[in-house]
Amino acid sequence: MPQGQPSVVPDDGLTTRQRRNRPLVIVHTGIGKGKSTAAFGLALRAWNQGWPIGVFQFVKSAKWKVGEENALKVLGASGEGGSVNWNKMGEGWSWIQRAPAEGEQSNEEKAREGWEQVKRDLAAETYQLYVLDEFAYPLHWGWIDTDEVIETLRARPGNQHVIITGRNAPEALLAYADLVTDMSKVKHPMDAGQKGQRGIEW
């Protein structure tokens with residue numbers, strides 16, 4: 001398998017191995033399809049390496065179907081690779097036990113609560129790979145402070161990789177991240193009036 005050669009070798013005092021194994025912050029943004037799909041593809045690689053994986057879906061509704069969820073949960077429970085813990089904002093997060101209806105949290109409050117859990121997990125080094133799916137939205141809307149997120153990521157201990165997906169990722173986050181992919185759209189079936197379909201969109 002070909003090995004990529006860096007165009008620049010920084011004078012940071014690290015050995016080649018230390019630099020190669022440095023934990024990354026990855027951002028998938030842009031208006032094109034495939035941001036979350038690419039993140040879950042990386043999660044498959046992480047599972048194969050035996051890494052514990054934490055998925056946090058910062059979306060409004062538990063009805064939002066993600067086809068990769070079932071596949072990764074089955075793989076995580078198989079005992080052959082890494083563990084997979086999947087958390088959905090739309091379901092009120094898995095660690096919160098409360099009655100719904102009256103006193104229901106706003107989406108902004110739920111997003112903040114999810115971020116607080118991510119911070120606790122980072123401090124405890126709970127996972128080796130974090131997928132913060134659609135997390136760019138609460139940052140873009142100002143629900144969660146981007147500077148705080150960057151400082152938390154900068155201070156995270158150990159060897160923890162973090163992937164953030166979603167449109168309109170803040171410029172400060174893009175500047176801080178190690179790997180940024182902007183998904184641009186050239187064509188999409190929806191442009192011709194075709195709705196999303198099973199196996200492609202979910």
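Numbers for residues simply follow the sequence, beginning at 1.
Contact annotation: the side chain of Ile53 never approaches that of Gln128 to less than 4.5 Å [non-hydrogen atoms, C-beta and beyond]. Residues Val74 and Asn70 form a side-chain contact, since some pair of their non-hydrogen atoms from C-beta on lies under 4.5 Å apart. Within the 4.5 Å cutoff, the side chain of Arg156 has heavy atoms near those of the Pro23 side chain.
No hydrogens or angles considered: a donor-acceptor pair under 3.5 Å links the side chains of Trp86 and Gln57.
For the pair Glu113 and Lys110, the salt-bridge criterion is not met [side-chain N within less than 4.0 Å of a carboxylate O]. Using a 4.0 Å cut-off between a side-chain N of Lys or Arg and a carboxylate O of Asp or Glu, Glu69 and Lys88 qualify as a salt bridge.
In terms of heavy-atom proximity, Phe58 sits nearest to Ala111 at CE2-O, 3.4 Å. Of all heavy-atom pairs between Met183 and Lys35, the closest is CG-CG, 3.4 Å.
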**OP:** Dump the intermediate steps for side chain to side chain contact (heavy atoms under 4.5 Å, CB included) on Asp147 and Glu151, then the final yes or no.
**Re:** CA-CA 6 Å; Asp147 290 338; Glu151 286 309 309; 5.6 Å; no
Subject >> Residues Glu109, Arg112; criterion salt bridge (Lys or Arg N to Asp or Glu O under 4.0 Å); working and verdict >> reply: CA-CA 5 Å; Glu109 289 170 325; Arg112 287 181 180 158; over 6 Å; no
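A distance of 8.0 Å separates CD of Glu148 from CD1 of Ile144, quoted to the nearest 0.5 Å. One distance of note links OG1 of Thr146 with OH of Tyr176; it measures 13.5 Å at 0.5 Å rounding. The distance from the CG atom of Leu72 to the OG atom of Ser83 is 11.5 Å, given to the nearest 0.5 Å.
For the pair Glu125 (side chain) and Leu122 (backbone), a donor-acceptor distance under 3.5 Å is absent. Judged by distance alone, the side chain of Asp178 and the main-chain N or O of Val25 form a donor-acceptor pair under 3.5 Å.
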For residues 38-51, which side-chain donor-acceptor pairs fall under 3.5 Å, sequence neighbours excluded?
residue : atom : partner : partner atom : Å
Trp47   : NE1  : Leu75   : O            : 2.9
Trp47   : NE1  : Gly82   : O            : 3.3

Enumerate donor-acceptor pairs with a distance under 3.5 Å from any side-chain N or O in residues 161-175 to protein atoms, sequence neighbours excluded.
residue : atom : partner : partner atom : Å
His161  : ND1  : Leu24   : N            : 3.0
Thr165  : OG1  : Asp133  : OD1          : 2.7
Thr165  : OG1  : Glu134  : N            : 2.7
Arg167  : NH2  : Ile31   : O            : 3.3

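Ring-plane geometry between Tyr127 and Tyr130 is classed as perpendicular, the angle between the planes exceeding 60 degrees on a 0 to 90 degree scale with a lower cut at 30.
Close placement of the Trp115 and Phe135 rings is indicated, their centers lying within 6.0 Å of each other.
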